[in-house]
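Heavy-atom basis, side chains included; hydrogens, waters and symmetry copies ignored.
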Amino acid sequence: MAKKYIDIMDTTFRDGFQSVFGGRVLMDDFFPAVEAAKQAGITHFEFGGGARFQSLFFYLQENAFDMMDGFREIVGKDANLQILSRGINTVMLDTGSREMIDLFAKMFAKHGTSTVRNFDALNDVNNLMYSSECIKKHGMNHEAVVTMMDLPPGCKGAHDVAFYEKTLRNILDSGIAFDSVCFKDASGTANPHKVYETISMARKLLGDEVHLRLHTHETAGVSVAAYLAALEAGANGIDLAASPVSGGTSQPDILTMLHATKGTNFNLGDLELNKVLKYEERLKECLAEYMVPPEATQVSPLIPFSPMPGGALTANTQMMRDAGDLEKFDEVILAMKEVVERGGYGTSVTPVSQFYWQQAYANVMFGPWKQIAPGYGRMVLGYFGKTPVEADPEIIKMAGEKLKLEPTTENPLDIADRDENKSIAHWTKVLEEEELPTTEENIFIAASCDQKGIAFLKGEGPLMVRKGENNCSGDKEMAGNYTVVVDGKQYSVQVAEGNADIQVAPAAAAPATAVAEAATPSAVEAGEGSLHINSETPGNVWKILASPGDSVKEGDKIMILEAMKMEIDIVAPKDGKIATINVNVNDAVADQQLLATME
């Protein structure tokens, strides 16, 4: 009897890159490995979407649409190229308007996408309906998703088999058109027994003809067992990655699963060991110069206590590493348990995982619930849809007061449609004012990436890649002046071709405290107030809302910092007058750095 064919999606170039490098891998560096994967017989790839859309514009100064076109050219017209989309958020962190969701589907179809894996972190099926219509309208396959995790120990109320059955039935009852169904466990915490029971339940509901998949990560150390359980329960497909971006925070390795299924009735995509080995060797060569964070290669026993997705974990630790507070990582992870429980049990996957992380980070850095992360607060108030269970009433009340918002049950799409800043007309005007081409691609780039997207289109964004001067393509000239960040400090690096010396010196902008102190020396020397207002965390100055001489009331905002993608309000501790502002917009600030003084 022939073995059951199991479709393997190679996640190396999307989720693998996100889980290990925070998405920061240049296309010319990895394209040779895509060719090697093709030669190994792989025909189903995750090649974009998720965080691998914004990260290209934010950090790599590459156009994600160009990357997708290049990928398609390598693998050919018949390969199944899949992207990850967040329902009403698509590839953004905030809710898109209906016209922007439709533009997303149009652009991703235009640039080579075959299949869209479409999920909602709250498992609110209403959040999948409009995006699914757009996906099908533009000719792509729609993979409907139920998001999974295990709750932290001692928590109950959602994320059991009954909850997933209810969610799947809601999808079926809604009339959403889909071509396949995926159960997605971004934190890798769903235990194998629950996986088996869940996939068995889904197979009975869906019948034998529907393509059914499981996606998980190795972060908690149970992914191979979970995949074996899913296969035994009737799954048709699983997601795997290639070394050196497999295991740890990423998906299990292709070779590992080939070994784990020896002697079973499962054929993993007709893949051959020797061909996969050659592919992995080529990939290793291509990524040899990239920094691999140690936490990316590890299984963490803390993750089941606070489900942190592999795809977000390294991005967060890298931000903490840059900010100089990585020693707080374990505290933040442990603080997530309360944040998850009191927030209504949304699945820990983007954007909710980032909301959890931001709130846990704030609770550690500023004290429990002294700050409300904007995304977390809007989530518990209902602005992203309905949480699986109602959030803690005390947290809802606190969020409303801090953010000056009322709780809502309104459709988030209706709210987004009223927001002029989420309209095509708005971003067309912005592009015109910046004298940039008003193509549909540029409109979506600007709308999804805001000012960082405009900076990219103007050629003004920073290149932030953690790698050496060489790359696998071998044909790039690297001569020039660069600014690099090492352990949170900036250095100016002058690189010359040939055998010339490489000159390294502290950058003019480093360290962060020097920047801010140099910015306003006269204000500090003349007229400094007796009341000092200091930063309680490393971060960057996002907005300054008050000026010297302004009268303020206790609690009035003086400025807003950005740390860990979270807005942190700096407020007046009492009634008085602003004497000095000691930083500028975009300054990096250190913990306890002087920000302003008052009288």
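- For Y345, the ring-ring contact (aromatic ring centres under 6.0 Å, His included) test picks out no residue, with sequence neighbours left out.
- Listed by first and then second residue, the salt bridge (charged side-chain N to carboxylate O under 4.0 Å, His left out) pairs that reach into residues 407-416 are R98-D414, E410-R418, sequence neighbours excluded.
- Residues forming a side chain to side chain donor-acceptor pair (under 3.5 Å) with N63 (at least two apart in sequence, or on another chain): none.
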Show your working on side-chain contact (heavy atoms from CB on, under 4.5 Å) between V465 and Y59 and close with a plain yes or no. CA-CA 7 Å; V465 184; Y59 308 120; over 6 Å; no

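- A donor-acceptor contact shorter than 3.5 Å is absent between the side chain of D569 and the backbone of V571.
- With contacts defined as side-chain heavy-atom distances shorter than 4.5 Å, the pair N442/F456 does not qualify.
- Contact of the Y290 side chain with the V20 side chain is not registered, since no non-hydrogen atoms from C-beta on lie closer than 4.5 Å.
- Judged as a salt bridge (charged side-chain N to carboxylate O under 4.0 Å, His left out), the pairs with a partner in residues 340-363 (not counting sequence neighbours) are, in order, K337-E341, E338-R342, R342-D392, R342-E394.
- A donor-acceptor distance shorter than 3.5 angstrom exists from the side chain of Y356 to the backbone of G346, with no hydrogens or angles considered.
- Summarising the geometry of P153 relative to P304, their closest heavy-atom pair is CD-O, 3.6 Å, with the distance given to 0.1 Å.
- Annotation: the span from S97 atom OG to I424 atom CD1 amounts to 7.0 Å, rounded to 0.5 Å.
- Two residues are said to be in side-chain contact when any heavy atoms from C-beta on lie closer than 4.5 Å; T350 and R86 meet this criterion.
- When side chains are defined from C-beta on, Q593 counts as touching V583, because their heavy atoms get closer than 4.5 Å.
- By the 4.5 Å heavy-atom criterion applied to side chains, T189 and D185 are counted as neighbours.
- H217 contributes atom NE2, which lies 11.5 Å from atom CD1 of I303 (distance to the nearest 0.5 angstrom).
- At a cut-off of 3.5 Å, with distance as the only test, no side-chain donor of Y130 or D102 sits close to an acceptor on the other residue.
- Residues passing the ring-ring contact (aromatic ring centres under 6.0 Å, His included) test with F108 are F53, F65, F104, sequence neighbours excluded.
- Expressed to the nearest 0.5 Å, how far CG of L595 lies from OG of S535 amounts to 5.0 Å.
- Applying the salt bridge (Lys or Arg N to Asp or Glu O under 4.0 Å) criterion to E99, with sequence neighbours excluded, gives no partner residue.
- Of the charged side-chain nitrogens involved, at least one lies within less than 4.0 Å of a carboxylate oxygen, so that D94 and K422 count as a salt-bridged pair.
- The line from OG of S131 to CD1 of I101 is 6.0 Å long, rounded to the nearest 0.5 Å.
- For residues 448-459, the pairs satisfying side-chain hydrogen bond (donor to acceptor under 3.5 Å, both in side chains) are E434-K458, with sequence neighbours left out.
- More than 12 heavy atoms of other shown residues, nucleotides or ligands fall within 6.0 angstrom of atom CD in E460.
- For residues 17-27, the set of pairs meeting the salt bridge (charged side-chain N to carboxylate O under 4.0 Å, His left out) definition, not counting sequence neighbours, is empty.
- Applying the salt bridge (Lys or Arg N to Asp or Glu O under 4.0 Å) criterion to K429, with sequence neighbours excluded, gives no partner residue.
- S348 and S353 share no side-chain donor-acceptor pair at under 3.5 Å.
- Between the side chain of N584 and the main chain of D587, no donor-acceptor pair closer than 3.5 Å is present.
- Residues T597 and T580 bring a donor and an acceptor atom of their side chains to less than 3.5 Å of each other.
- A side-chain donor-acceptor contact under 3.5 Å links N118 to the backbone of G87.
- Here the closest heavy-atom approach between residue I581 and residue I544 is recorded as CG2-CD1, 4.0 Å.
- Annotation: side chain to side chain donor-acceptor pair (under 3.5 Å) contacts of S530 (sequence neighbours excluded): E599.
- For the pair L381 and E406, the minimum side-chain heavy-atom distance is 4.5 Å or more.
- In this structure, CG on L545 lies 5.0 Å from CD1 on I560, to the nearest 0.5 angstrom.
- The backbone N or O of V389 lies less than 3.5 Å from a partner atom in the side chain of T387, making a donor-acceptor pair.
- Expressed to the nearest 0.5 Å, how far CE of M379 lies from CD1 of I396 amounts to 10.0 Å.
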Can you check side-chain contact (heavy atoms from CB on, under 4.5 Å) on I415 and T95, steps first, answer last? CA-CA 9 Å; I415 298 173; T95 305; over 6 Å; no

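- Here the shortest heavy-atom pairing between P437 and L431 reads O-CD1, 3.8 Å.
- Taking every heavy atom of both residues into account, K328 and V364 meet most closely at CD-CG1, 4.2 Å.
- At a threshold of 4.5 Å between non-hydrogen side-chain atoms, the residues V541 and L561 count as touching.
- A heavy-atom distance below 4.5 Å is found between the side chains of K467 and D29.
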Acceptor/donor pairs from residues 550-558 side chains to any protein atom, 3.5 angstrom cut, sequence neighbours excluded:
| residue | atom | partner | partner atom | Å |
| --- | --- | --- | --- | --- |
| D550 | OD2 | S547 | N | 2.8 |
| D556 | OD2 | K553 | N | 2.8 |

Is there a side-chain contact (heavy atoms from CB on, under 4.5 Å) between F119 and L84 once you walk through the steps? CA-CA 8 Å; F119 74 91; L84 185 68; 3.7 Å; yes

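- Minimum interatomic distance between P462 and Q61 (heavy atoms only, all atoms of both residues): O-NE2, 2.9 Å.
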Is there a side-chain contact (heavy atoms from CB on, under 4.5 Å) between V339 and N363? Walk through the geometry before answering. CA-CA 9 Å; V339 169; N363 285 357; 3.8 Å; yes

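- Judged purely by atom type and a 3.5 angstrom limit, Q358 has no side-chain atom pairing as donor or acceptor with the backbone of Y376.
- Salt-bridge formation is not detected for the pair D15/R52: no Lys NZ or Arg NE/NH1/NH2 atom is positioned less than 4.0 Å from an Asp or Glu carboxylate oxygen.
- Q54 places no side-chain N or O within donor-acceptor distance of the main-chain N or O of C449, the cut-off being under 3.5 Å.
- Note on residues 383-404: pairs passing ring-ring contact (aromatic ring centres under 6.0 Å, His included), not counting sequence neighbours, are F355-F384.
- No donor-acceptor contact under 3.5 angstrom links the side chains of H426 and D419, judged on distance only.
- In this structure, W427 contributes its side chain and F444 its backbone to no donor-acceptor pair below 3.5 Å.
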Start with the C-alpha distance between S19 and S250, add both sets of side-chain angles, then the distance that settles side chain to side chain donor-acceptor pair (under 3.5 Å), and finish with yes or no. CA-CA 5 Å; S19 298; S250 181; 4.6 Å; no

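- Closest approach of A64 and L56 over heavy atoms only: CA-CD2, 3.5 Å.
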